[in-house]
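This report concerns only the one structure given below.
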Amino acid sequence: MVIPQRPGLDLGPDGALLFADCAVVPDPNPEELAEIARATADNARALLDAEPRVALLSFSTKGSASHARVEKIRESLRILKARAPGLSADGELQADAALVAQIARAKAPGSPVAGCANVLIFPDLDSGNIAYKLVERLGGAQAIGPILQGLDCPANDLSRGCSAEDIVNVVAITALQAIARQEKSFVTTDAH
């Protein structure tokens with residue numbers, strides 16, 4: 001998503017944020033959610049040319065609520081940190097704590113991503129899909145995608161109502177993913 005900037009609100013590189021999962025996995029388990037977060041972080045590097053700051057979103061911030069759905073986010077974060085220890089990620093965070101520095105200081109002091117997240121990981125498809133459509137329609141953001149992740153080769157999808165601009169954007173993203181995959185393969189091969 002590319003979000004028009006408002007005074008006092010500094011979101012992502014050039015106003016760009018990645019939302020996941022908004023189109024594929026209806027109710028990911030903690031392991032699937034951790035993998036969605038890891039793959040989306042890889043896409044942030046490729047598409048935003050920025051270091052990812054991953055927020056695993058919830059209706060709770062740092063223990064403000066207790067529920068099985070909150071525990072799912074905590075477990076996802078534990079798995080993500082084990083699989084990608086150098087990744088800047090945190091959870092559970094409410095959306096406002098993930099995005100707004102002033103709120104982050106009050107709700108999640110010391111968090112490495114609170115107030116400056118550029119990758120938002122939603123707990124389920126309902127919340128991700130609803131959020132991106134609200135941000136697009138009410139907030140005036142430009143939504144690009146859906147972008148598919150976790151496949152052997154870059155491939156993406158277009159919605160039924162897509163425009164010519166949507167097609168161009170998704171083709172460009174697919175090309176960037178292919179380049180990033182090739183570079184990653186080269187680095188891995190070169191290291192051996």
Side-chain angles (χ1 to χ4, degrees), residues 1-28 32-59 87-89 91 93-100 113 115-185:
M1 305 221 67
V2 179
I3 300 172
Q5 295 297 310
R6 294 188 335 242
L9 190 60
D10 183 23
L11 300 175
D14 298 322
L17 301 171
L18 297 184
F19 285 28
D21 178 0
C22 300
V24 179
V25 184
D27 189 17
E32 291 168 328
L33 197 60
E35 183 55 27
I36 288 166
R38 191 207 51 74
T40 309
D42 286 347
N43 271 328
R45 286 184 188 97
L47 303 176
L48 303 180
D49 193 28
E51 197 55 33
R53 294 181 309 275
V54 180
L56 284 85
L57 300 179
S58 175
F59 62 86
L87 182 63
S88 184
L93 295 171
Q94 292 170 317
D96 58 352
L99 295 170
V100 182
V113 302
C116 63
N118 58 9
V119 174
L120 304 178
I121 304 300
F122 292 85
D124 56 41
L125 184 60
D126 290 329
S127 58
N129 190 273
I130 291 165
Y132 104 76
K133 289 183 179 187
L134 283 171
V135 171
E136 179 184 31
R137 301 298 178 191
L138 299 179
Q142 178 185 12
I144 302 171
I147 305 305
L148 302 178
Q149 304 180 136
L151 305 174
D152 285 338
C153 294
N156 291 303
D157 189 21
L158 292 162
S159 70
R160 294 180 302 266
C162 72
S163 66
E165 181 181 12
D166 294 332
I167 295 168
V168 169
N169 287 335
V170 170
V171 167
I173 284 173
T174 306
L176 288 171
Q177 288 176 306
I179 291 166
R181 183 174 186 270
Q182 188 174 32
E183 287 174 353
K184 188 175 184 179
S185 175

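Heavy-atom basis, side chains included; hydrogens, waters and symmetry copies ignored.
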Checklist entry - Does E51 offer a backbone N or O that forms a donor-acceptor pair with the side chain of R45 under 3.5 Å? => result no
Checklist entry - Heavy atoms, side chains only, cut-off 4.5 Å: are V54 and L120 in contact? => result no
Item to check | Results of side chain to side chain donor-acceptor pair (under 3.5 Å) for D157 - residues two or more places apart only | outcome: none
Checklist entry - Out of curiosity, F19 CZ to S127 OG, how far, rounded to the nearest 0.5 Å? => result 10.5 Å
Item to check | With E32 via salt bridge (Lys or Arg N to Asp or Glu O under 4.0 Å) - residues at least two apart | outcome: none
Checklist outcome for this item: Minimal heavy-atom distance between F122 and L33, with the atoms involved, is O-CD1, 3.3 Å
Checklist entry - Can you pull the salt bridge (charged side-chain N to carboxylate O under 4.0 Å, His left out) pairs that have at least one residue in residues 158-177, sequence neighbours excluded? => result none
Next on the checklist: Nearest 0.5 angstrom please: C153 SG to L148 CG, how far?
Outcome noted: 12.5 Å
Checklist entry - Have N156 and Q177 got a donor and an acceptor in their side chains that come within less than 3.5 Å? => result yes
Item to check | A98 versus A55, closest heavy-atom pair with distance | outcome: CB-CB, 3.7 Å
Checklist entry - Within the side chain of R181, is there an N or O that forms a donor-acceptor pair under 3.5 Å with the backbone of D152? => result yes
Item to check | Sequence-distant partners of V168, side chain to side chain contact (heavy atoms under 4.5 Å, CB included), two or more places apart | outcome: none
Item to check | Sequence-distant partners of E35, side chain to side chain donor-acceptor pair (under 3.5 Å), two or more places apart | outcome: R38
Checklist entry - For N169, what residues pass the side chain to side chain donor-acceptor pair (under 3.5 Å) criterion, not counting sequence neighbours? => result none
Next on the checklist: Holding to side chain to side chain contact (heavy atoms under 4.5 Å, CB included), I want the full list of residues that pass it with L134, two or more places apart in sequence or in another chain.
Outcome noted: I130, L138
Item to check | Inter-residue atom distance I147.CD1 - D21.CG, 0.5 Å rounding | outcome: 12.0 Å
Checklist entry - To the nearest 0.5 Å, how far apart are OG in S88 and CZ in R53? => result 7.5 Å
Checklist outcome for this item: Here the pair of heavy atoms bringing A50 nearest to N118 is CB-ND2, 4.2 Å
Next on the checklist: Using the side chain to side chain contact (heavy atoms under 4.5 Å, CB included) criterion, which residues pair with N129? Sequence neighbours excluded.
Outcome noted: Y132, K133
Checklist entry - Residues in side chain to side chain donor-acceptor pair (under 3.5 Å) with D126, at least two apart? => result none
Checklist outcome for this item: In short, V170 meets L158 closest at the heavy-atom pair CG2-CD2, 3.5 Å
Checklist outcome for this item: Of all heavy-atom pairs linking L99 and A117, the shortest is CD2-O, 3.8 Å
Item to check | Residues which pass side chain to side chain contact (heavy atoms under 4.5 Å, CB included) with T40, listed by chain and number, not counting sequence neighbours | outcome: L18, A20, I36, V119, I121, Q149
Checklist entry - Which atom names give the shortest non-hydrogen contact between P146 and A23, and what distance separates them? => result CB-CB, 3.7 Å
Item to check | Pairs flagged by salt bridge (charged side-chain N to carboxylate O under 4.0 Å, His left out) wherever residues 116-125 is involved - sequence neighbours left out | outcome: R69-D124
Checklist outcome for this item: Interatomic distance, CD1@I173 vs CG@N43, rounded to 0.5 Å, equals 8.5 Å
Checklist entry - Under the salt bridge (Lys or Arg N to Asp or Glu O under 4.0 Å) test, which residues partner D27, sequence neighbours left out? => result K72
